[in-house]
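In this text, all values refer to a predicted model and were calculated from it rather than measured experimentally.
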Amino acid sequence: MTTGLLLVDKPLRLTSHDVVARLRRLSGIRRVGHAGTLDPLATGVMLLCLGRAARLLEYLVGLPKSYRAVVRLGATTATYDAESDVVATRPFSHLTPADIEAALSQFKGDIQQQAPAYSAIKKDGQPLYKLARQGEAVEAPTRTVTIHRLQPVAIDLPEVVLDVDCSSGTYIRSLAHDLGQALGCGGYLAGLRRTAVAHFTLAEAVALDALTADNWSTYLQPPDTAVAHLPRLDLPAAA
């Protein structure tokens, strides 16, 4: 097959664009797209469509996501993650697991979330991160997102490990920052792994470095896999 869906486990440090470029080189196919950006400091499931299947990307971009997130309390950064320097620190050692779980409860369900100033959301045609890097005061938009599950996996201060199931468009960086604000000590995202996109999981994903020009097509799934979550109608020949 030269068209279909490919589940890739994105490695650390690469951008989503880097992953697409790698697949273009390996496959020799120009028409390659992905169904949801992962920051360079994030790893995990990326859905890519190659060839004619790229037209199906619009049915994948809005699917819910699942993450394993590491939040570091007691400090804040401008980007809300470990990609920039710490700009402020505050005490955190007084916090108890009960304090943290109580704070987490306010972020479950439908919530209003402000995107990070350093994000790809555009204002007047310019990505916010470019405006922020130019020193402009940026007011990031606020939107409604849904946190279906927010479960602490481990609490070893200053780090809290969380499992998050959320709607598409949720910024886990903002969630980490907002949790730190709610606790009064600050916080930022120290690590992130996307564990699933809807029913597509890490168990099905192939490590990017394992793909070669000779084997990439063996991991390709049929195009209709990309729309298996949608209702299906089989028409008779006359129709």
Side-chain angles (χ1 to χ4, degrees), residues 12-13 15 36-44 65-123 127-195:
L12 199 63
R13 303 292 175 189
T15 66
T37 300
L38 273 177
D39 291 335
L41 294 184
T43 65
K65 313 290 194 300
S66 297
Y67 297 94
R68 172 66 60 88
V70 180
V71 179
R72 186 161 295 146
L73 299 175
T76 55
T77 71
T79 57
Y80 296 179
D81 64 10
E83 200 166 18
S84 61
D85 294 334
V86 170
V87 294
T89 60
R90 279 180 277 178
F92 61 85
S93 58
H94 62 284
L95 295 172
T96 66
D99 294 331
I100 294 168
E101 292 193 20
L104 287 170
S105 66
Q106 64 186 280
F107 297 105
K108 296 177 182 179
D110 294 337
I111 63 171
Q112 292 296 307
Q113 185 183 71
Q114 186 173 35
Y118 288 82
S119 64
I121 294 175
K122 292 185 177 180
K123 179 182 179 182
L128 292 184
Y129 68 84
K130 286 189 176 181
L131 298 175
R133 287 171 182 167
Q134 292 167 6
E136 294 189 30
V138 176
E139 183 67 24
T142 298
R143 56 189 174 189
T144 302
V145 299
T146 304
I147 308 295
H148 303 289
R149 185 171 71 103
L150 185 56
Q151 182 70 39
V153 176
I155 298 175
D156 185 12
L157 295 179
E159 291 190 346
V160 178
V161 182
L162 303 171
D163 277 346
V164 186
D165 296 340
C166 57
S167 62
S168 179
T170 301
Y171 276 94
I172 308 301
R173 282 187 287 151
S174 289
L175 181 62
H177 173 83
D178 295 345
L179 174 62
Q181 295 300 103
L183 289 167
C185 64
Y188 66 90
L189 188 66
L192 185 66
R193 186 154 174 75
R194 185 189 282 163
T195 55

Going from [atom1] on [X] to [atom2] on [Y], what distance comes out if it is rounded to the nearest 0.5 angstrom?
| X | Y | atom1 | atom2 | result |
| --- | --- | --- | --- | --- |
| Ile100 | Ile155 | CD1 | CD1 | 4.5 Å |
| Arg149 | Asp165 | CZ | CG | 4.5 Å |
| Arg72 | Phe92 | CZ | CZ | 10.0 Å |
| Ile111 | Ile147 | CD1 | CD1 | 4.5 Å |
| Thr15 | Arg13 | OG1 | CZ | 13.0 Å |
| Thr195 | Tyr67 | OG1 | OH | 9.0 Å |

Would you check if the side chain of [X] reaches a backbone N or O of [Y] as a donor-acceptor pair within less than 3.5 Å?
| X | Y | answer |
| --- | --- | --- |
| Ser167 | Val145 | no |
| Arg68 | Val153 | no |
| Ser174 | Gln114 | yes |

Would you be so kind as to tabulate the donor-acceptor pairs closer than 3.5 Å made by side chains of residues 103-110, with sequence neighbours excluded?
| residue | atom | partner | partner atom | Å |
| --- | --- | --- | --- | --- |
| Ser105 | OG | Ala102 | O | 2.5 |
| Gln106 | NE2 | Ala103 | O | 3.4 |
| Asp110 | OD1 | Thr146 | OG1 | 2.6 |

>> Assess the residue pair Leu189 and Asp39 against the criterion (side-chain contact (heavy atoms from CB on, under 4.5 Å)); give the C-alpha distance rounded to whole Å, side-chain angles, the decisive distance to 0.1 Å, and a yes or no.
In response: CA-CA 11 Å; Leu189 188 66; Asp39 291 335; over 6 Å; no
> Which residue pairs pass the salt bridge (Lys or Arg N to Asp or Glu O under 4.0 Å) test with at least one member in residues 177-194, sequence neighbours excluded?
Replying inline: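 Of all non-adjacent pairs touching residues 177-194, those that pass salt bridge (Lys or Arg N to Asp or Glu O under 4.0 Å) are Asp9-Arg193.
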State, to 0.1 Å, how close [X] and [Y] come at their nearest heavy-atom pair, and which atoms those are.
| X | Y | answer |
| --- | --- | --- |
| Pro152 | Leu162 | CA-CD2, 3.7 Å |
| Leu12 | Thr43 | N-CG2, 3.6 Å |
| Pro40 | Glu83 | CG-OE2, 4.2 Å |

>> Go through it in stages, so that I can follow the logic: the residues are Val71 and Glu159, the test is side-chain contact (heavy atoms from CB on, under 4.5 Å), and I'd like the CA-CA distance, side-chain angles, deciding distance and then a yes or no.
In response: CA-CA 6 Å; Val71 179; Glu159 291 190 346; over 6 Å; no
>> For Leu175 and Thr170: C-alpha separation, side-chain torsions, deciding distance, then whether side-chain contact (heavy atoms from CB on, under 4.5 Å) applies.
In response: CA-CA 8 Å; Leu175 181 62; Thr170 301; 5.6 Å; no
> Any side-chain heavy-atom pair from Arg173 and Leu192 closer than 4.5 angstrom?
Replying inline: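 Side chain of Arg173 against side chain of Leu192, heavy atoms only: no contact under 4.5 Å found.
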>> Please tell me whether Thr142 and Gln113 have a donor and an acceptor in their side chains that are separated by less than 3.5 angstrom.
In response: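 Short answer, no.
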> Excluding sequence neighbours, so at least two apart, what forms ring pair (Phe, Tyr, Trp, His ring centres under 6.0 Å) with Tyr188?
Replying inline: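 Applying ring pair (Phe, Tyr, Trp, His ring centres under 6.0 Å) to Tyr188 gives none.
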